[in-house]
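Each chain gets a letter, A, B and so on, in the order its sequence line appears, and its residues count up from 1.
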2 protein chains.
Amino acid sequence: MEKAPGKREARKEERRLAILQVAKRSFLDNGYSGTSMSAISAELGGSKGTLWSYFPSKEELFAAVLDHATTSYRQELGDLLAPSADLRATVFAFARSFIAKITSPEAMRLHRLVSAESGRFPEVGEIFYRRAPQPTQQLLAGFFAAQMDAAHMRRDDPLAAARVLASLCMGGAHQRLLWGIDTSPGDIEVEARYAADIFARAFEIA
Amino acid sequence: MEKAPGKREARKEERRLAILQVAKRSFLDNGYSGTSMSAISAELGGSKGTLWSYFPSKEELFAAVLDHATTSYRQELGDLLAPSADLRATVFAFARSFIAKITSPEAMRLHRLVSAESGRFPEVGEIFYRRAPQPTQQLLAGFFAAQMDAAHMRRDDPLAAARVLASLCMGGAHQRLLWGIDTSPGDIEVEARYAADIFARAFEIA
DNA sequence: AGAAAATCGTACCCTATAGTACGGTTATGG
DNA sequence: CCATAACCGTACTATAGGGTACGATTTTCT
C-alpha cells in the first residue's frame, strides 16, 4: 500500500514540509494575526497560487502547522523518564531533562502561541494538550503508581503526584522566561535539584 | 497642588478611562495584532482624530492599557494573605484565594496577552512581572521568613518556598484553563487543599 | 460674550492583506 | 514523446489597517 515514492509525490511532500517550516517560524514569531500568507509566500519564493494550492486558507495552514509542531514535540518526549539507581535520582534526572525541554526557545514560543490562540481557537489548546502535557502526565503517573506499589513512595493519587512534579518544574525558569526575565542555563540544574527535593519530601521518598 | 478638578480635566480623564476600557477589552480578546485602532474608535463613537489625540499610536495605547490593567490587578492582591489560626489554615486560605484570582476570566485573558506579547515587546513581560508575580512572591516570602524564625516550618530559602507554593497553585486549574480545558469551580477548593497539603509536607508544617 | 480647547465628521493617503485568475513554463510519468 | 500535473509570474479584486488633514461644532474657562 505504502509503496511507490514517485518523484511527484516526493517533491510534493518536500514542498509541503518546506511550507510548514516557514509558516511555523512565522506563526511562532508573530502569532496568528501577525502572520501573513503573502509574507510566507514571499519568503518561500514562487507563486502565491502554489501556496494556496497546498493550504486553501490561513486557518488550515495554521492547523497543519500546529499539528506538525506538536507531533514533533511529542516524539522527543518518550525518553525523559529513564529509570536509574534510586527513585530520587530518577526524579531528578526527569526534572532536569523536562525543564531543559520546556525552556528551550522553540518550546517557549510554542507555549506562547498555544496559550495565546487557544482563547480564540478552542481546538488549538486541545490539540496541544492531548499531545504534550497529557501524555507526559500519564507517563509519570504510571511510573509513580508502580513506585507506590513497591512502597518506594507514599501512596497517593499517582496522577496528582505527576501534576505536582510537573508544576514544580514549570514554576521556575519556565515561568520567568514567559515574562521575558532571562535566566542562566545553570539555573536548570539548580531548579531541577530543588524540585526533586521538594517532591521527595512531599512524597516521603527514602 | 492637586486641586481644581475642572470640568475640562474631569471629562478628559473620564474619556481617557473610557478609551482604556474599550481598548483593554479588545486587546484582551484579540491580542495586539488582532486589535485595530479603527475598531476601537468605532466602538467608542466619535472621531478617529480624538482617539489619536489621546494616544498618538497603537503602541502607546497598548502600553497604557497594560499599565492600567496590571495596576488594578495588583491592587486586589494585598489581602490574599490573611493570618489565621494556624499555619496550615493560612496557607490553605491563601491558596484558595490565589487560585480563584488567577483563574478568573479576566486574569486568564491578561495572562494570555502578556505571555503572547512579551516575546515581541520585552517590556510587556517586565511591567507585568514587577506588578503581579513579584510582589506576591515577596509577600509570601516575608511571611514564610517569619514563620521559619518562629520554627513553625522548616528553615529554607523563603523566596524558594514562596515559589513552590505559587507553582503548586498554578499547576492545576490555571494551567488547564490555559489550554482551554474547562474546569468546575469546585476544583478550586480541592486543588487548594491539595496544594496546601503538599506544601505542608514539604516544609514540615506541624 | 468671546477666546481657547476639545470634539466631530469625513474624506483622504498609503500600505498590507487574504484570496483569485490566468496564461506561460517546467518536470514527471507512461 | 507527449499528455498532464505541478509551478511560476504577475496582475488583479476588495477590504482593512494605521495614521493624517481640516473645516465645522460644541464645551469650557475667564
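Summary of helix geometry: the two end axes of the helix from C:dA1-D:dT30 to C:dG30-D:dC1, each defined by five base pairs via their C1' atoms, are inclined to each other by 20° (rounded to 10°).
Every residue meeting the ring-ring contact (aromatic ring centres under 6.0 Å, His included) condition with A:F199, not counting sequence neighbours, appears here in chain and number order: A:F144, A:F203. Looking at residues two or more places apart in sequence or on another chain, you find a side-chain contact (heavy atoms from CB on, under 4.5 Å) between B:E106 and B:K24, B:L28. Legend: residues meeting ring-ring contact (aromatic ring centres under 6.0 Å, His included) with B:H111, ordered by chain and number and at least two apart, are A:W179, B:H174. Among residues two or more places apart in sequence or in another chain, the side-chain hydrogen bond (donor to acceptor under 3.5 Å, both in side chains) test is passed with A:E13 by none.
With rounding to whole Å, B:E9 atom CD is found 18 Å from D:dT27 atom P. Straight-line distance from the CD atom of B:E60 to the C1' atom of D:dG19: 13 Å, rounded to whole Å. B:I40 has its CD1 atom 11 Å from the P atom of D:dG17, to the nearest Å. Straight-line distance from the CG atom of B:L51 to the C1' atom of D:dT20: 13 Å, rounded to whole Å. Rounding to whole angstrom units, CG of residue B:L61 and C1' of D:dG17 are separated by 15 Å. Separating the CD atom of B:E14 from the P atom of C:dT7 is a distance of 11 Å, rounded to the nearest angstrom. Between the CG atom of A:L44 and the P atom of D:dC7 there is a distance of 11 Å, given to the nearest Å. One atom, CZ of A:R16, and another, C1' of D:dA6, lie 16 Å apart when rounded to the nearest Å.
In this structure, A:R193 forms a cation-pi arrangement with A:F92, its terminal cationic atom sitting closer than 6.0 Å to the ring centre and no more than 45° off the ring axis.
The list of ring-ring contact (aromatic ring centres under 6.0 Å, His included) pairs with a residue in residues 38-59 of chain A, not counting sequence neighbours, is empty.
Distances shorter than 4.0 Å separate some side-chain N or O of B:R15 from OP1 or OP2 on C:dC8. Here B:Y54 reaches the OP1 or OP2 of C:dT7: one of its side-chain N or O atoms lies under 4.0 Å away.
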Distance-only donor-acceptor pairs under 3.5 Å for side chains of residues 77-85 of chain A, two or more places apart:
| unit_1 | atom_1 | unit_2 | atom_2 | d |
| --- | --- | --- | --- | --- |
| A:S84 | OG | A:T90 | OG1 | 3.4 |

Can you list, pair by pair, the side-chain donor-acceptor contacts under 3.5 Å of residues 59-68 of chain B, counting residues two or more places apart and other chains?
| unit_1 | atom_1 | unit_2 | atom_2 | d |
| --- | --- | --- | --- | --- |
| B:D67 | OD1 | B:R131 | NH2 | 2.6 |

Protein within reach of the bases, or only the backbone? For nucleotides 18-27 of chain C, mark each nucleotide 5' to 3' as B, S or -, using heavy atoms under 4.0 Å. BB--------

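Between the side chain of B:S41 and the backbone N or O of B:M37, no donor-acceptor pair lies under 3.5 Å.
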